[in-house]
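To start, the structure under review is shown below, and the notes come after it.
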Amino acid sequence: MRLVSDGKGKLYLLGGVGNDGISRNIKLWEMMGEGVWVEVVTLPKIMCKKFVSVCYHNYEHVYSFWHEGMIYVCCYIWPEILYYNEGERRA
């Protein structure tokens, strides 16, 4: 799980959901109140598959950030960046 901020005061939690330490989905939650997290979107399945194929059980190498409506998921040991346009969920 990683925290990201949109720079406008909103805090998001990005994390893998699965069994036995293997992520099957990557989800995004938004903090709506004190300690209240609300699931806002499940990222496309292909993002999770690509991510797990590279960072399998090496989640300590993962970092994420938010920039201009895009959520980026990166791994220190992998030269590619996965990204998701957060605005797509509002379409």
Side-chain angles (χ1 to χ4, degrees):
M1 300 238 169
R2 299 293 183 258
L3 289 172
V4 293
S5 173
D6 66 358
K8 299 175 186 170
K10 288 189 177 180
L11 191 60
Y12 295 87
L13 183 64
L14 182 70
V17 177
N19 294 320
D20 300 321
I22 301 170
S23 296
R24 301 289 181 216
N25 291 297
I26 298 175
K27 296 188 179 234
L28 182 69
W29 294 269
E30 182 179 344
M31 181 176 263
M32 298 303 242
E34 290 206 22
V36 178
W37 292 97
V38 176
E39 182 182 326
V40 292
V41 70
T42 298
L43 277 60
K45 198 78 150 166
I46 190 70
M47 286 186 71
C48 187
K49 286 182 180 182
K50 181 75 170 177
F51 176 75
V52 172
S53 72
V54 174
C55 294
Y56 184 76
H57 285 298
N58 290 320
Y59 303 129
E60 67 272 3
H61 299 288
V62 176
Y63 63 102
S64 60
F65 60 95
W66 185 294
H67 180 71
E68 296 185 8
M70 301 286 280
I71 299 167
Y72 297 87
V73 180
C74 315
C75 185
Y76 290 113
I77 58 173
W78 184 41
E80 295 182 42
I81 296 175
L82 296 174
Y83 62 90
Y84 175 73
N85 184 350
E86 190 274 337
E88 288 182 8
R89 72 181 175 98
R90 294 192 177 118

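Everything numeric here is computed off the predicted structure, so don't read it as measured data.
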To the nearest 0.5 Å, what is the distance between OH (Tyr12) and CD1 (Ile71)?
-> 7.5 Å
Interatomic distance, Tyr84 atom OH to Leu28 atom CG [nearest 0.5 angstrom] = 8.0 Å
His67 and Tyr72 aromatic ring geometry - parallel, tilted or perpendicular at 30°/60° bounds | tilted
Under the side-chain hydrogen bond (donor to acceptor under 3.5 Å, both in side chains) test, which residues partner Lys45, sequence neighbours left out?
-> Asn25
Which value, rounded to the nearest 0.5 Å, describes the distance between Glu30 atom CD and Lys10 atom NZ?
-> 4.5 Å
Result block: side-chain N/O donor-acceptor pairs under 3.5 angstrom for residues 32-41, not counting sequence neighbours:
from	atom 1	to	atom 2	distance (Å)
Glu39	OE2	Lys27	NZ	3.2
Glu39	OE2	Thr42	OG1	3.4

In Å and rounded to the nearest 0.5 Å, what is the CD1 to CE distance from Ile81 to Met70?
-> 10.5 Å
